[in-house]
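All remarks here apply to the structure that follows.
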Amino acid sequence: QVQLVESGGGLVQAGGSLTLSCAASGRPFNIYSMAWFQQPPGKERVFVASISYNGATTYYAESVKGRFTISRDNAKNTVDLQMNSLKSEDTAVYYCATGRRPFASSWPFSPEYWGQGAQVTVSS
């Protein structure tokens with residue numbers, strides 16, 4: 001059973017930084033792409049960033065390019081999202097996700113499993 005557990009959410013001022021972490025378990029971690037999605041209040045869940053199974057390839061939504069960085073540690077079974085220069089519009093619940101197929105491309109990303117979400121609130 002695949003489990004994804006996010007941590008690191010919280011309240012931060014605009015312009016500040018925050019790092020989210022996702023711990024995965026239940027299957028081999030190093031052969032699956034990983035991604036982060038965000039769901040702002042009252043809106044649909046949207047793609048933020050993804051990373052290939054070996055960390056060689058990353059993709060970002062235009063809205064976060066240059067500000068967010070996705071990374072993974074295959075030894076620790078974790079994937080992080082470093083968020084810098086945060087804006088009020090980054091306020092959302094952030095979800096960690098992974099796909100169904102091993103060695104699948106990280107773009108376009110097809111989520112199969114989700115974490116419970118981590119709230120990020122950016123105050124202006």
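Quick note: residue numbers are just sequence positions, from 1. Keep in mind the model is a prediction, meaning the values are calculated, not measured.
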request  = Would you check if there is a donor-acceptor pair between the side chains of S123 and Q13 at a distance under 3.5 Å?
outcome  = no
Validation: residues 28-35 side-chain donor-acceptor distances under 3.5 Å, sequence neighbours left out:
unit_1	atom_1	unit_2	atom_2	d
S33	OG	A104	O	2.9

Report yes if some heavy atom in the side chain of [X] is under 4.5 Å from a heavy atom in the side chain of [Y]; otherwise report no.
X   : Y    : value
I51 : S106 : no
N54 : F103 : no
Q38 : V46  : yes

Any donor-acceptor pair under 3.5 Å from [X] side chain to [Y] backbone:
X   : Y    : result
Y60 : I70  : yes
E6  : Q116 : yes
T91 : V122 : yes

Considering all heavy atoms of both residues, which atom of [X] and which atom of [Y] are nearest to each other, and what is their separation?
X   : Y   : value
L4  : C22 : CB-SG, 3.9 Å
S17 : S85 : OG-N, 4.4 Å
A23 : T78 : CA-CG2, 4.2 Å

Pairs touching residues 58-85 that satisfy salt bridge (Lys or Arg N to Asp or Glu O under 4.0 Å), sequence neighbours left out = E62-K65, R67-D90
request  = Mind jotting down which residue pairs meet the salt bridge (Lys or Arg N to Asp or Glu O under 4.0 Å) criterion with at least one end in residues 37-49? Sequence neighbours excluded, please.
outcome  = none
task = Kindly write out the residues that satisfy side chain to side chain contact (heavy atoms under 4.5 Å, CB included) with S110, not counting sequence neighbours, or none if the list is empty.
result = none
query = Taking the six-membered ring for Trp, are W114 and Y95 parallel (under 30°), tilted (30 to 60°) or perpendicular (over 60°)?
reply = perpendicular
query = By side chain to side chain donor-acceptor pair (under 3.5 Å), which residues pair with R100, not counting sequence neighbours?
reply =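 Here no residue qualifies.
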request  = Could you tell me whether R27 atom CZ has more than 12 heavy atoms of other residues or ligands within 6.0 Å of it?
outcome  = yes
[X]-[Y] co-clustered via ILVMFWY side chain contacts under 4.5 Å:
X   : Y    : value
L86 : L20  : yes
V2  : F109 : no
W36 : Y59  : no
V12 : V48  : yes

key: For F47, ring-ring contact (aromatic ring centres under 6.0 Å, His included) partners two or more places apart   =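 With sequence neighbours excluded, F47 shows a ring-ring contact (aromatic ring centres under 6.0 Å, His included) to F37, W107, given in chain and number order.
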